[in-house]
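Only this structure's heavy atoms are used, side chains among them; waters, hydrogens and symmetry mates stay out. In each ligand, atom 1 is the first atom listed, and ligand 1 is the first ligand listed.
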Amino acid sequence: MTTQRNAYRAAILHSIADPKDVGLDNSYQFFDDGIIVVEDGHIVDIGETEEVLARQPKDISITEYEDKLITSGFIDTHIHYPQTGMIASYGEQLLDWLENYTFPEERRFKNPVYAHKVAKLFFDELASNGTTTALVFGTVHKESVDVFFEEAQKRKLRMIAGKVLMDRNAPDYLTDTPESGYEASKELIEKWHNRDRLLYAVTPRFAPTSTPEQLATVGKLLEEYPDVYMHTHLSENKKEIEWVLDLFPERDSYLDVYDHYGLLHKRSVFAHGIHLSDCECKRLADTESAIAFCPTSNLFLGSGLFKLPKLEEHGVRVGMGTDVGAGTSFSILQTMSEAYKIMQLQQEKLHPLKSLFLATLGGARSLHLEDKIGNLEVGKEADFVVLDLHATQLMRFRMHQATTLEEKLFVLMSLGDDRTVCETFIYGEKAYDSRGQIDEKKFAS
Ligand code: GUN
Ligand code: ZN
């Protein structure tokens with residue numbers, strides 16, 4: 001944690017509201033020559049350089065970035081760390097992809113040494129892509145979550161994760177039971193939830209892999225620990241939906257299965273939600289549940305086109321998710337680029353300022369963490385990134401022809417990726433530097 005005041009000077013852009021509520025022009029703050037001041041892991045000042053320096057101590061240490069842009073860290077509202085090693089697996093849609101690629105890889109996480117190795121690589125990838133908070137699936141193995149949280153704690157990250165619950169329709173080597181899943185989740189909640197910046201999510205994989213008895217234990221855990229998250233998949237693939245309705249014929253819809261067992265509350269996050277009815281959207285909004293929009297995954301698995309306008313009309317909270325390893329990139333910038341194309345296929349536009357909101361403050365709102373993260377307002381945790389909008393020859397050439405902030409932002413979100421991220425700060429400390437200037441021993445173990 002920083003014990004002294006440090007200032008960082010560059011152009012600064014951050015989202016302060018949803019464009020749908022306040023209009024595009026009132027949804028962001030931009031300082032052409034700006035400064036943020038950080039102390040004890042928090043933002044203590046932000047504004048135009050001249051104004052901020054007038055009110056800060058004369059001897060404050062200032063890091064100056066020429067021709068760079070500071071913005072708040074990206075928030076990934078749905079990702080699987082154990083799928084890092086099987087990203088880009090060829091040829092299948094959801095159910096076969098799970099069976100052929102995902103389950104065999106997740107089996108390896110019984111071994112905590114392997115799990116730790118992947119967790120480290122995963123956090124390195126997040127940092128180099130400018131992602132500072134994520135809602136993360138572990139595997140069915142309790143150890144997979146222990147090593148994940150240990151590593152996240154070491155890096156002072158704000159992370160939310162949970163042990164997968166699966167007691168049917170999966171290989172024996174990956175299943176638990178309603179009792180063992182409940183007990184292990186309880187132990188993990190007691191150990192990790194609200195420890196430093198870590199939070200727990202009860203994580204049933206999806207309705208087909210849990211019996212009614214197991215789903216009932218999820219509802220019980222949420223009653224016992226009302227401030228933990230619930231994280232699962234919903235309505236991603238047409239065959240998956242048919243399967244759910246076959247397995248739960250007495251329920252009205254896919255969402256109704258979760259609803260019946262008490263799984264909808266304000267900290268529930270459902271990945272995908274591509275094929276939802278109006279009734280389901282309304283119920284999500286009424287319960288303040290959120291949907292994670294995962295464009296690269298939806299395209300990669302051929303799942304379908306996400307209907308952002310429909311969800312917004314119903315007032316459902318939406319955040320962005322990479323869904324690695326069905327998603328094909330850790331980069332939220334790349335994810336926004338694919339989101340734009342998904343909207344185009346439906347004759348809809350996704351404005352770059354709306355994308356900025358979804359990638360940052362919108363994600364924080366989906367997780368009900370907007371009082372802590374999501375932008376650079378005073379009092380928030382100092383998770384931020386330094387971006388180079390001219391990182392590649394093509395970006396440099398294209399940016400010179402961009403005249404407005406909005407145009408530059410759009411080019412950034414269309415062409416940018418990890419090459420654009422120069423530095424990532426976690427809780428006020430530099431956690432990643434693209435030039436490699438970081439203490440390698442920092443996270444070594
Ligand atoms: N549905 C159930 N499990 C998974 C998973 O691991 N990835 C995706 N994309 N969908 C799922
Ligand atoms: Zn997923």
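- Set against the non-hydrogen atoms of A326, the atoms of ligand 1 under 4.0 Å away are 9 (N).
- Below 3.5 Å of separation, one finds an N or O of E236 facing an N or O of ligand 1.
- A distance-only check finds a donor-acceptor pair linking the side chain of Y229 to the backbone of L367 [under 3.5 Å].
- Residue contact check: H272 has heavy atoms under 4.0 Å from atoms 9 (N) of ligand 1.
- Between Y258 and F270, the distance from one ring center to the other falls under 6.0 angstrom.
- Within the 4.0 Å heavy-atom cutoff, F137 does not count among the residues contacting ligand 1.
- With ligand atoms numbered from 1 in the order given, ligand 1 contributes 5 (C), 6 (O), 7 (N) to contacts under 4.0 Å with heavy atoms of W97.
- Here the side chain of E280 pairs a donor or acceptor atom with the backbone of L255 at under 3.5 angstrom.
- Each of the atoms 1 (N), 8 (C), 10 (N), 11 (C) of ligand 1 lies under 4.0 Å from some heavy atom of L94.
- Taking distance alone, with nitrogen or oxygen atoms compared against 3.5 Å, Q83 approaches ligand 1 more closely than that limit.
- Heavy-atom proximity to L98, at under 4.0 Å, picks out these atoms of ligand 1: 2 (C), 3 (N), 4 (C), 5 (C), 6 (O).
- Taking a cutoff of 4.0 Å between a charged side-chain nitrogen and a carboxylate oxygen, E224 and K220 qualify as a salt bridge.
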Verdict with reasoning, H78 to F137, per ring-ring contact (aromatic ring centres under 6.0 Å, His included) = CA-CA 8 Å; H78 179 68; F137 261 63; 5.6 Å; yes
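- Residue H272 does not count as close to the Zn ion (ligand 2), with no N, O or S atom under 2.8 Å.
- Look at E151 and K154 and you find a salt bridge, because one of the NZ, NE, NH1 or NH2 atoms lies within 4.0 Å of a carboxylate O, short of that distance.
- The OD1 atom of D323, the Zn ion (ligand 2) and the NE2 atom of H78 define an angle of 90° (nearest 10 degrees).
- With hydrogens and angles ignored, the 3.5 Å screen pairs no side-chain donor or acceptor of T420 with any backbone N or O of L389.
- Nearest-residue assignment for atom 3 (N) of ligand 1 (options M166, R205, E240; heavy-atom criterion): R205.
- Listed by first and then second residue, the salt bridge (Lys or Arg N to Asp or Glu O under 4.0 Å) pairs involving residues 293-306 amount to none (not counting sequence neighbours).
- The shortest N or O to N or O distance between D323 and ligand 1 is under 3.5 Å.
- At the shortest separation from atom 4 (C) of ligand 1 among protein heavy atoms lies H233 CE1, 3.3 Å.
- Of the possible donor and acceptor atoms, one in the side chain of S235 sits under 3.5 Å from a partner among the backbone N and O of H275.
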